[in-house]
Every structure is written in C-alpha cells, then in structure tokens.
Protein chains: 2
Amino acid sequence: MYFCVNKYLMTRSEENYIKTIFHLGRKGTQEVATNAIAELMETKPSSVTDMIKRLSEKDLVNYKRYQGVSLTDLGNKTALGIIRKHRLWEVFLVEKLDFSWDEVHEVAEQLEHIKSDKLIDSLDKLLAYPKFDPHGDPIPDKNGGFKERDRELLSEVPINTGGVCVGVKDSSATFLKFLDKNGIALGNQIKVMEIEEFDGSLNIEIDGRKMQISHVIASNLYIKASDEI
Amino acid sequence: MYFCVNKYLMTRSEENYIKTIFHLGRKGTQEVATNAIAELMETKPSSVTDMIKRLSEKDLVNYKRYQGVSLTDLGNKTALGIIRKHRLWEVFLVEKLDFSWDEVHEVAEQLEHIKSDKLIDSLDKLLAYPKFDPHGDPIPDKNGGFKERDRELLSEVPINTGGVCVGVKDSSATFLKFLDKNGIALGNQIKVMEIEEFDGSLNIEIDGRKMQISHVIASNLYIKASDEI
DNA sequence: ACAAATTTTTAGATTTGCCTAAATTATAAT
DNA sequence: ATTATAATTTAGGCAAATCTAAAAATTTGT
Ligand SMILES: [Mn+2]
Ligand SMILES: [Mn+2]
Ligand SMILES: [Mn+2]
Ligand SMILES: [Mn+2]
C-alpha cells in the first residue's frame, strides 16, 4: 500500500511527536496545542511548529496555522503501532527480564523505535498476547484495535465500594516506588471504608489489610468496581 | 569514572563507525584506511574523515592525517560493548523468538544501540550466558573479554580431516539460506573425503551423508578439527 | 470593541551527518 | 627522480532537529 510507505522511513523524532500528539489528543476532544506538545516533550514551541509542518507534509497530522493539530487516520495508526511496541516491551522487561514496573518505561522509550514487524509479532506471541502492560494500560493489537478497560479512579468511587486495582494514572518511577513500599500492586482487592472530610484522605482495606492513603494517591489509582455493597 | 562518560552520549552513527573500525582492525595489524571504512559503511571517504575527526576529539581513535586510524583503549572497549549487545540480541532472536540465523543480523543492527546495562545483563542471564552467537562468533563478556575459538576454514584442512562445524565466515543471508537448503548447520560433523584437483571442490561427509561443495563454500565454513585420521 | 496578554509562527543560527568537487598528500611506475 | 595514480582531506553546501529573539495572530479582560 502506498500510504504505509512512511512506517519504515519515520525518524525517531517524528515518531515521538506523533505519540505525544496521540496522548494529548485523547484527553480533550479539541485540537492539540503547540504549547502542550512543547511542554510534554520538553522542547520549544518553535521547534514544535517546525516538526508539525513536516508531519503535515507527510499527511500524518491535520494542521492549519494557529489552529492546533490533530492526527490523520494514518497518524493515528502510526501512533497505535508505536504504543503497541512500547507496552509489549514493557511487559517483556517485567515478565522475562525481572525488571520492576518503575524501571521499564525508560528502556521501552528506546525499544519502541525498533523497526521489525516479525520482531514485535514474535514478542507478542512469546508473551502470550498480553492485553495490558505493567501499569494497566491496554496494548493495541496488530491492527491497532484495543478496548479501554472499564475502570474508575479510586478517588471517584463512593464509600463502601470495592474492586480490583487495575491501573495507575501517574506512572512515574516515584509514584510506582511509593506503591511498592506501601504494598499496593495491580491485582489487589481494594475497598473504600471511609473518606475523611478534612483532607479527602481515604481509609481503605487492601487485600484484607487496613490503611490510610491521601487523596492524591487515590486519584492516581484505577479500580475496576466489582461488588457494590 | 570520567572516561566512561561517552558510553551513554554516543550517537548511533559514532557507534557504527567504532564497530566498523574494530572489525577492520582485526584483519590486518595495520592502521585502518579511510577508504576501507567508507566502503564497508557505504558512505563517502570525505564523510569518514569528518567522523574520524569527531571520534579523535572524543579520544575513541588515534588519528594522524593521511596515516589511517586505530582504536584507543576506550574505543576498543566501546566496540566490544556494542558487539556484545549485537550478538546477545542475535541469540535472543533465534532462541526465544524463533528467528532463523539469516534474519537476525538486520534487527540486531538496531537493537545493539539500545542503552541499558541492566537490560543487556538480564538478557545475558535469560540466555544462560551464551559464549557464541548463531553464526559461531564469540560473545564478549561484561568486561569485554572473550576467547577466539580454535577453528579453521574447511578449505584449509588436509584431506581426511574431520571436525565439528562451528562457524561461518560469510554470514550474509544468501549464504546462510544456501546452507539451510543444503542441510548444513553449526554442530554438524564434517569430514573432508576428497579434494578435486580441477576446481578445488570438496567431497565431504556431513553427519554421515556424502555431498560435494565448491571451494567457495568450504572457504566460508569454520570447523573445529577434532579427530585427524 | 479594543487594549493587553498569551499563543503561535517566522527568521536566523547551530550541530550532526552526510554529499560533491577540488585540492593535497602518499604511493607506484617508469 | 619524476610522473602518474590512488588515497585522503578540505571547502562549501544541504537536510533534520533544535535553539533564541522577534513578529504575527489569537484570545482575554474590561
Ligand atoms: Mn511507558
Ligand atoms: Mn506503561
Ligand atoms: Mn550480525
Ligand atoms: Mn552474528
């Protein structure tokens, strides 16, 4: 196909921009702002404008001066391909190389740019076609399809709600290490027992053990509410 | 350490040059020629000169105008690190992802540039510390140490000599596929029965089966001569 | 509606890595 | 020992990706 020509010709930088635009595009339904891209990529707005022009030239984004940017179908497909690779590599690092979930992202940022269909499909098979990465984020399949899991922030559910911890919103090493230290992990059964009026902190029961967590922590943990009582 | 600073700051291109200089340096004991580098890297001599200057600046190579180039100790160590990664990834691809030995090189050329000590050491462990890659080439250890295996070209051994096939000199996909097609693989027991005066072709017995191979083929197969008769 | 503030783009420069064409140095041949 | 040939380097330029500073467009506040 002619419009797949890009795939193996894209530079690392182009791929990173496409990925960033994808992530920013999820949140709001609006076009993505130049400044937002610049901030997330730790670069200057003028550099972003330059790159946007190139990406637009290659039909990866829709762009009109001063109007922000959005991915084309091709751009979207490209982004999903890179995210698929990133998350599969993260699973590999945890499952096969005993990395902890706070160590994988940095290396996956490099590995996601390796170009080989056979490589990524074999890896997928080796890992038994995982549906989620170590942080609970969904892994797109070969065709870019994936289902966002039904989940809610722990800070949003009513009292007495319970469920399984299925993901983290902030997946910075700092937060992940904090969770490790406090024995909180994906798969844990969590139930909200009480919410403190004063500061919004929560008393929870996690795998039978009682503990208190701040509102900030709760607003970065996803649970799949199973049994309301 | 101060002289290890480079390691994570080297560009892909710099790494490829260092690797090429290493490979060319093995053959002759001479300094490596600009043209030789250019040819192997499919680039122009003037580009090589440019890069050599940069590498010299970073103390990775010894360089005097018109006198060719050689690796410094730091350059040598760097090269061995990259080669270690390349060959470990090749083993991984064959052992864990069912790649065939003619498919691994291209992908390993990309993977060898991934920067993470933990990654490569874990991979080494996962593969049970292999000593040789799928083409029979030795894998340097963590400190860059490796022993060149005792081996000879099949074309160089006298008649009636036997041994195990332990490597290939040419590891192009074309040659490797040819070997597959003819049922020749590393580990096979090979014995030279007769050498044809006319064209230098060899009658061999390989794992019990008799066959004839050209001189060119024989001069690209390494055996470890075990039992002379 | 219009001035002020913010966002975005342009202009011009820099670095890396490559190129062609021309000049220089080294080597081989007579 | 010159001359011819081959190897190497320099000069000058180009594209990608970044930057700073300045200009232009948009949005916000009154
Ligand atoms: Mn990640
Ligand atoms: Mn992740
Ligand atoms: Mn190889
Ligand atoms: Mn190899």
Side-chain angles (χ1 to χ4, degrees), chain A residues 5-21 24-25 27-28 30-70 75 78 82 109-110 112-113 115, chain B residues 5-21 24-25 27-28 30-70 75 78 82 109-110 112-113 115:
Chain A
V5 158
N6 308 51
K7 196 169 176 188
Y8 284 91
L9 296 180
M10 284 184 71
T11 67
R12 172 167 310 220
S13 192
E14 286 170 340
E15 289 189 346
N16 283 332
Y17 273 94
I18 289 296
K19 200 178 47 151
T20 300
I21 295 167
L24 288 170
K27 320 241 160 173
Q30 303 280 38
E31 305 288 287
V32 177
T34 304
N35 269 3
I37 299 170
E39 193 178 359
L40 205 60
M41 299 197 64
E42 300 181 73
T43 183
K44 302 293 165 184
S46 53
S47 306
V48 175
T49 303
D50 272 1
M51 180 56 91
I52 283 173
K53 283 179 188 164
R54 267 193 296 268
L55 296 175
S56 175
E57 210 54 46
K58 296 189 178 190
D59 269 315
L60 290 159
V61 300
N62 305 116
Y63 172 62
K64 258 180 290 180
R65 288 170 57 208
Y66 292 99
Q67 300 308 129
V69 74
S70 64
T78 304
I82 301 165
E109 284 290 306
Q110 298 180 62
E112 72 187 5
H113 300 290
K115 274 140 184 119
Chain B
V5 159
N6 307 55
K7 194 169 177 189
Y8 284 89
L9 295 179
M10 286 184 70
T11 67
R12 174 168 306 221
S13 192
E14 285 170 340
E15 289 190 346
N16 283 332
Y17 273 94
I18 290 295
K19 201 178 46 151
T20 301
I21 295 167
L24 288 170
K27 320 245 159 169
Q30 302 280 37
E31 305 288 287
V32 176
T34 303
N35 269 4
I37 299 170
E39 193 178 0
L40 205 59
M41 300 196 64
E42 300 182 70
T43 184
K44 302 292 164 183
S46 53
S47 305
V48 174
T49 303
D50 271 0
M51 180 56 89
I52 284 174
K53 284 179 187 162
R54 267 192 296 266
L55 296 175
S56 175
E57 211 54 45
K58 297 190 178 189
D59 270 315
L60 291 159
V61 300
N62 305 115
Y63 172 61
K64 259 179 292 180
R65 288 169 60 213
Y66 292 101
Q67 300 310 125
V69 74
S70 64
T78 304
I82 302 164
E109 284 290 307
Q110 298 180 62
E112 71 187 4
H113 301 290
K115 272 134 184 126

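Letters A, B, ... are given to chains in the order of the sequence lines, protein chains preceding strands, and every chain is numbered from 1. Given the structure is predicted, the values throughout are model-derived calculations rather than measurements.
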_Start and end of the DNA chain C segment that chain A contacts, any atom under 4.0 Å from a heavy atom_ = C/dT7 to C/dT10
_For A/K58, give me all partners under salt bridge (charged side-chain N to carboxylate O under 4.0 Å, His left out), at least two apart in sequence or on another chain._
A/E14
*Please list, chain by chain and in numerical order, all residues satisfying salt bridge (charged side-chain N to carboxylate O under 4.0 Å, His left out) with B/E39, sequence neighbours excluded.*
none
*At under 4.0 Å between heavy atoms, which parts of nucleotides 8-19 of chain D does protein reach? Answer with one letter per nucleotide, 5' to 3': B base, S sugar-phosphate only, - none.*
BBB-----SSBB
*Can you name the closest pair of heavy atoms from A/A38 and A/P45 and give their distance?*
CB-N, 3.7 Å
_Close side-chain approach of A/E109 and A/K19, heavy atoms under 4.5 Å_ = yes
Only pairs under 3.5 Å count here: list side-chain donor-acceptor contacts from residues 60-68 of chain A, not counting sequence neighbours, and write none if there are none.
from, atom 1, to, atom 2, distance (Å)
A/N62, OD1, A/S70, OG, 3.3

*asked:* So, using salt bridge (charged side-chain N to carboxylate O under 4.0 Å, His left out) as the criterion, who are the partners of A/E15 when residues are at least two apart?
replied: A/K115
_Flag, side chain of B/S56 to backbone of B/I52, donor-acceptor distance under 3.5 Å_ = no
